[in-house]
Asker: 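Below is a structure I'd like to ask you about.
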Amino acid sequence: MDNRLVCLEGTLTFDEEIRYQTVNVISFRTGQQITVNRDRLPPERTFAEHISRQIDNAEKVFYQFNLVQMEEVNEGNVFDNTIQVVYSFLSGSGTGQRVWQVTFSCLHSKNELINFTSLYPDEQSMKNEIGRLQHCVSSFILNKGL
């Protein structure tokens, strides 16, 4: 039974089996942040179904959610399949600022994903800084055996 989490700062032990996910945050001088997180496909879902379910969940949570783009972008990267999702939403209830989020969700094995995500304060910032996020996908090198 896997019930221990070992991280740089210490160790946690639980009475039940756990599965943990790591999140990495990359910060740039401009203020842009990119998060890298891992996910697993549920056994009964395809990759596209999983992404669609995530979008449905976001639409329920975010104010004035607007899906701008969802497309496969499989050229020039090492992943088996990559879907880019772009959407915008209001950062607060009704009076918030419209922000933009871009995620590249990358399938790198039968059921394991790596997501590269960045949140932008406006559409122009997204257009100016999306290159860093695209760089994550196009220059990622998978460890052998994963």
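Here, residue 1 is the first one in the sequence, and each next residue gets the next number.
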Asker: For residues Phe79 and Phe140, establish whether the separation of their ring centroids is below 6.0 Å.
Answerer: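 Yes, ring centres under 6.0 Å apart.
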Asker: With the 4.5 Å side-chain cut-off for hydrophobic clustering, are Leu113 and Val78 part of the same group?
Answerer: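 Leu113 does not cluster with Val78.
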Asker: Would the number of heavy atoms belonging to other residues, nucleotides or ligands and lying under 6.0 Å from CD of Glu75 be above 12?
Answerer: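 No, not enclosed.
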Asker: For the CG atom of Leu41 and the OG atom of Ser105, what is their distance to the nearest 0.5 Å?
Answerer: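 Separation between the atoms: 8.0 Å.
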Asker: For residues Ser88 and Val68, report the shortest heavy-atom separation together with the two atoms involved.
Answerer: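 Looks like N-CG2, 4.3 Å.
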Asker: Would you indicate whether the side-chain heavy atoms of Thr117 and Ile34 approach each other to under 4.5 Å?
Answerer: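 No. Closest side-chain heavy atoms not under 4.5 Å.
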Asker: What's the spacing between Asp80 CG and Phe47 CZ if we round to 0.5 Å?
Answerer: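 Going from CG on Asp80 over to CZ on Phe47, the span is 9.5 Å.
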Asker: In this structure, are over 12 heavy atoms from other groups packed under 6.0 Å from Arg45 atom CZ?
Answerer: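 More than 12 within 6.0 Å, yes.
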Asker: For the pair Glu49 (side chain) and Thr46 (backbone), establish whether a donor and an acceptor sit closer than 3.5 Å, ignoring hydrogens and angles.
Answerer: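 Side chain of Glu49 to backbone of Thr46: a pair is present.
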Asker: For the OG1 atom of Thr13 and the CG atom of Asn3, what is their distance to the nearest 0.5 Å?
Answerer: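 Taking OG1 in Thr13 and CG in Asn3, the distance rounds to 6.0 Å.
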Asker: Find out if a path of hydrophobic residues (ILVMFWY) with successive side-chain heavy-atom gaps under 4.5 Å connects Leu142 to Val73.
Answerer: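 Yes, same cluster.
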Asker: Hey, mind stepping through Asn81 and Asn74 against side-chain hydrogen bond (donor to acceptor under 3.5 Å, both in side chains) and telling me if it holds?
Answerer: CA-CA 6 Å; Asn81 199 351; Asn74 295 319; 3.2 Å; yes
Asker: Give, for atom CD of Gln101 and atom CZ of Phe89, the distance between the pair rounded to the nearest 0.5 Å.
Answerer: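 With rounding to 0.5 Å, CD (Gln101) is 5.5 Å from CZ (Phe89).
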Asker: Show the numbers, then the answer: is there a side-chain contact (heavy atoms from CB on, under 4.5 Å) between Val85 and Val102?
Answerer: CA-CA 6 Å; Val85 178; Val102 179; over 6 Å; no
Asker: Evaluate salt bridge (charged side-chain N to carboxylate O under 4.0 Å, His left out) for Glu123 paired with Lys127, printing each intermediate quantity in order.
Answerer: CA-CA 6 Å; Glu123 185 177 12; Lys127 289 177 179 178; 3.6 Å; yes
Asker: Do Val61 and Val99 belong together in a cluster built from hydrophobic side chains that touch within less than 4.5 Å?
Answerer: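 Yes, Val61 connects to Val99 through the hydrophobic network.
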Asker: Heavy atoms, side chains only, cut-off 4.5 Å: are His50 and Asp39 in contact?
Answerer: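 Side chain of His50 against side chain of Asp39, heavy atoms only: contact under 4.5 Å found.
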Asker: What's the separation between atom CD1 in Ile55 and atom OH in Tyr87, rounded to the nearest 0.5 Å?
Answerer: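 Between Ile55 CD1 and Tyr87 OH, I get 8.0 Å after rounding to 0.5 Å.
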Asker: Can you find a heavy atom in the side chain of Tyr120 that is under 4.5 Å from one in the side chain of Leu133?
Answerer: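 A side-chain contact under 4.5 Å exists here.
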Asker: Are Arg132 and Phe28 side-chain neighbours, meaning at least one heavy-atom pair lies under 4.5 Å?
Answerer: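 They are in contact (side-chain heavy atoms under 4.5 Å apart), so the answer is yes.
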Asker: Is there a chain of hydrophobic side chains (I, L, V, M, F, W, Y, each step under 4.5 Å between heavy atoms) that links Leu67 to Leu90?
Answerer: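 No, separate clusters.
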Asker: My understanding is that only one of Ser118, Ser125, Ser27 makes a side-chain hydrogen bond (donor to acceptor under 3.5 Å, both in side chains) with Gln32; could you say which?
Answerer: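 Of Ser118, Ser125, Ser27, side-chain hydrogen bond (donor to acceptor under 3.5 Å, both in side chains) with Gln32 is met by Ser118 alone.
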Asker: Among the clusters formed by ILVMFWY side chains lying less than 4.5 Å apart, do Met70 and Leu119 turn up in the same one?
Answerer: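 Linked within one cluster.
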Asker: Do Arg98 and Gln64 pass the side-chain contact (heavy atoms from CB on, under 4.5 Å) test, and can you show the C-alpha distance, the side-chain angles, and the key distance before you say yes or no?
Answerer: CA-CA 9 Å; Arg98 181 154 295 277; Gln64 294 187 22; 3.4 Å; yes
Asker: side-chain contact (heavy atoms from CB on, under 4.5 Å), that's the test. Do Phe104 and Cys136 meet it? Break it down for me.
Answerer: CA-CA 9 Å; Phe104 285 89; Cys136 291; over 6 Å; no
Asker: Can you find a pair of side-chain heavy atoms, one from Thr30 and one from Glu129, that are under 4.5 Å apart?
Answerer: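 Of all side-chain heavy-atom pairs linking Glu129 with Thr30, at least one is under 4.5 Å.
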Asker: When rounded to the nearest 0.5 angstrom, what is the spacing between CD in Gln97 and CG in Asp122?
Answerer: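 Going from CD on Gln97 over to CG on Asp122, the span is 7.0 Å.
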Asker: Which is it for Val86 and Met126 under the side-chain contact (heavy atoms from CB on, under 4.5 Å) test, yes or no, and what are the steps along the way?
Answerer: CA-CA 10 Å; Val86 179; Met126 177 191 69; 3.8 Å; yes
Asker: Taking the six-membered ring for Trp, are Phe62 and Phe65 parallel (under 30°), tilted (30 to 60°) or perpendicular (over 60°)?
Answerer: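 Plane angle under 30°, so parallel.
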Asker: Could you tell me whether the side chain of Ile130 reaches within less than 4.5 Å of the side chain of Gln84, counting heavy atoms only?
Answerer: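 Result yes, sub-4.5 Å side-chain heavy-atom pair found.
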